[in-house]
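Because the structure is predicted, anything quoted here is derived from the model rather than measured. Residue numbers begin at 1 in each chain, while the letters A, B, ... track the order of the sequences.
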Amino acid sequence: MSTLRPVRGAHDLFPEQMREHRYVSDAARGVAALYGFDEMATPIFEYSNVFKRTLGDTSDIVTKEMYTFTDKGGDEITLRPENTAGVARSFISEGLAQSTPLKFFYSGPMFRYERPQKGRLRQFHQIGVELVGVPAVQADLEVIACGARILDELGVLDKTVLELNTLGDTDSRSEYRDALVDYLQGHLGSLSAESRDRLERNPLRILDSKDEGDRAVITAAPLFTDYLNEDSQTFFAELRAGLENLGIAYELNPRLVRGLDYYCHTAFEFTTTALGAQGAVIAGGRYDGLISMMGGAQTPGVGWAGGIERLSMLCGGALPTPRPVVIVPVGATTRDRALQLAETLRRAGFRIDLSYSGNMSKRMKRANKLGACAAILLGEDELLRDEATIRHMDSGEQEAAPLASLPEVLARYK
RNA sequence: GUGGCUGUAGCUCAGUCGGUUAGAGCGCUAGAUUGUGGAUCUAGAGGUCGGGGGUUCAAUUCCCCUCAGCCACCCCA
């Protein structure tokens with residue numbers, strides 16, 4: 001075993017896995033386009049404060065998971081841990097406020113310093129959509145429907161559950177937050193150390209604690225639904241009615257929380273039990289406070305991100321390997337003609353590979369290993385007649401054909 | 001970041017109650033078959049037994065540390 005290895009949690013993607021990734025991202029890109037989300041890309045790194053300001057100083061991602069370094073100019077740079085912050089930065093710095101509503105699709109690598117597991121890597125890949133500038137619930141519905149449609153296209157929708165919650169608007173949330181903190185202050189002694197720690201920074205997260213002492217306290221805690229104001233209730237009711245109207249099944253999960261202040265109203269996750277501890281395959285929500293928090297004009301937004309590796313695992317079965325036509329030159333004088341023929345057929349749209357060396361037997365073995373659908377045997381005597389022998393690899397049948405007719409003959413094997 | 005399990009050939013794994021040259025299947029290379037693949041047979045290459053340290057006359061085997069993988073917690077994609 002070599003001491004030379006990839007960085008922990010980072011993996012090479014060989015053609016087979018690359019095909020699986022492409023299968024997921026191509027399907028997603030295609031479906032997203034039908035919803036009007038066109039692909040864009042932000043840089044893989046940003047100034048660190050792009051993420052610090054948007055993700056909040058208290059989130060796990062910022063406090064312990066960012067790949068941050070100082071570049072040669074002395075600037076603090078961070079490899080993006082997610083894409084929404086970059087889109088928001090781009091919205092502000094490129095003056096996109098003039099062009100709302102904006103609908104973007106993206107696909108690419110993200111980086112988080114986490115402990116790797118199956119379905120959880122340090123360099124991983126996400127697809128996602130963002131819809132910026134529409135405050136109405138139709139935006140949420142379109143975004144969620146697009147996610148569901150992609151899962152359906154990939155054939156995994158029935159392996160997932162759409163979990164849904166509302167975080168209410170800013171007023172509702174801050175009122176509830178105050179009430180919750182008041183209540184929890186009164187039970188400080190019964191709370192776990194971690195929850196006491198969270199009380200200041202991220203009290204809503206305590207609701208999700210699995211600690212037994214915490215759970216006892218939480219049972220009697222004030223209910224968020226009692227603090228939802230009328231606007232928030234209406235928004236959520238419309239969202240639910242809209243999903244039902246579209247025939248999109250969902251389950252309410254009141255414990256689905258987002259700890260950061262700029263999240264509001266809609267929070268959702270498509271989750272699965274098929275991937276062990278890594279349940280979320282697509283997760284998103286509404287972030288009306290994000291762009292203003294970064295210094296832009298108050299602009300609503302809603303979006304989601306999905307993990308390509310997780311989606312790919314969920315898809316399961318291996319994708320079919322492409323089958324080339326392999327040219328087998330026989331005899332020293334046929335090599336140049338073989339290369340010419342390869343070029344001609346490639347121009348005609350065929351996937352052509354060559355057997356490079358060895359005797360006939362070796363070359364046929366190579367054709368077989370490449371999974372060829374057909375082999376073109378190019379011998380000296382055939383070439384004198386401008387012909388080649390085509391062998392159908394599955395049946396073993398052979399026929400002679402003029403070189404000029406090869407595209408038509410091969411078309412039958414496609 | 002915490003806890004548990006695991007680490008022997010490219011892959012999947014046996015094995016060594018501490019003792020000479022560490023095994024199998026698959027895969028790979030070559031030949032049987034110098035103009036014909038998949039099957040079969042034969043031969044061959046390939047391992048500092050994850051890495052470092054300790055105990056011992058002797059460590060792949062026992063102990064410690066470390067690294068990596070998997071699982072759970074956590075978090076999420």
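In this structure the side chain of Ile376(A) reaches within 4.5 angstrom of the side chain of Leu345(A), judged on heavy atoms.
Considering only the side chain of Glu65(A), rC75(B) comes nearest among rC75(B), rG69(B), rA77(B). Here rC71(B) is the nucleotide among rG38(B), rC71(B), rG69(B) with the atom lying nearest to any side-chain atom of Lys118(A). Of the candidate nucleotides rG37(B), rG1(B), rA77(B), rG37(B) has the atom nearest to the side chain of Met393(A). For Arg112(A), taking side-chain heavy atoms from C-beta onward, the closest of the listed nucleotides rA77(B), rU36(B), rC73(B) is rA77(B). Side chain of Gln117(A), nearest nucleotide from rU36(B), rA72(B), rA68(B): rA72(B). Set against rG69(B), rU36(B), rA68(B), the side chain of Arg5(A) has rA68(B) as its closest nucleotide.
Here Glu114(A) lies in heavy-atom contact (under 4.0 Å) with a base. If you check every strand for non-hydrogen atoms under 4.0 Å, Gly119(A) touches a base. Using a 4.0 Å heavy-atom cutoff across all strands shown, Ile308(A) reaches no nucleic acid atom at all. Looking at heavy-atom distances under 4.0 Å, Arg120(A) makes contact with a base. Contacts of Gly128(A) with the nucleic acid, taken as non-hydrogen atoms under 4.0 Å apart, are absent. Within the 4.0 angstrom heavy-atom criterion, base atoms lie near Gln398(A). Using a 4.0 Å heavy-atom distance criterion, Ile282(A) is classed as a sugar-phosphate-only contact. At the heavy-atom level, Ala280(A) lies under 4.0 Å from base atoms of the strands shown.
Between Met313(A) and Gly119(A) the shortest heavy-atom distance is CE-CA, 3.4 Å. Nearest heavy atom pair, residue Arg8(A) against residue Pro116(A), reads CG-CG, 3.6 Å.
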> ring pair (Phe, Tyr, Trp, His ring centres under 6.0 Å) between Phe37(A) and Phe105(A): does it pass, once the steps are laid out?
Replying inline: CA-CA 5 Å; Phe37(A) 295 96; Phe105(A) 169 85; 8.5 Å; no
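As rounded to the nearest Å, rA45(B) and rG7(B) have C1' atoms that lie 25 Å from one another. Atom name C1', nucleotides rU48(B) and rU29(B): the rounded distance is 24 Å, in whole Å. Atom name C1', nucleotides rG10(B) and rA72(B): the rounded distance is 31 Å, in whole Å. Only the C1' atoms considered, rU2(B) is 32 Å distant from rA59(B), to the nearest whole Å. Comparing the C1' positions of rU61(B) and rA77(B) gives a spacing of 42 Å, expressed to the nearest Å. If you take atom P in rA43(B) and the same atom in rC5(B), they sit 44 Å apart, rounded to whole Å.
For the pair Lys369(A) and rC28(B), the criterion of a side-chain N or O lying under 4.0 Å from OP1 or OP2 is met. Close to rU36(B), at under 4.0 Å from its OP1 or OP2, lies no side-chain N or O of Ser361(A). Under 4.0 angstrom from either OP1 or OP2 of rG69(B) there lies at least one side-chain N or O belonging to Arg8(A). OP1 or OP2 of rA39(B) has not a single side-chain nitrogen or oxygen of Lys365(A) nearer than 4.0 Å.
A perpendicular orientation is assigned to the rings of Phe270(A) and Phe268(A), their planes being inclined by more than 60° (bins at 30° and 60°). Under the 30°/60° scheme for interplanar angles, the aromatic rings of Phe69(A) and Phe45(A) are found to be tilted.
Separation of atoms OH (Tyr263(A)) and OH (Tyr287(A)) is listed at 8.5 Å; rounding is to 0.5 Å.
Using modelled atom types and a 3.5 Å distance limit, the side chains of His125(A) and Glu309(A) yield a donor-acceptor pair.
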> Under a cut-off of 3.5 Å for both distances of each Watson-Crick or G-U pair, what dot-bracket string does RNA chain B give, using [ ] for crossing pairs and | for inter-strand pairs?
Replying inline: (((((((..((((.....[...)))).(((((.......))))).....(((((..]....))))))))))))....
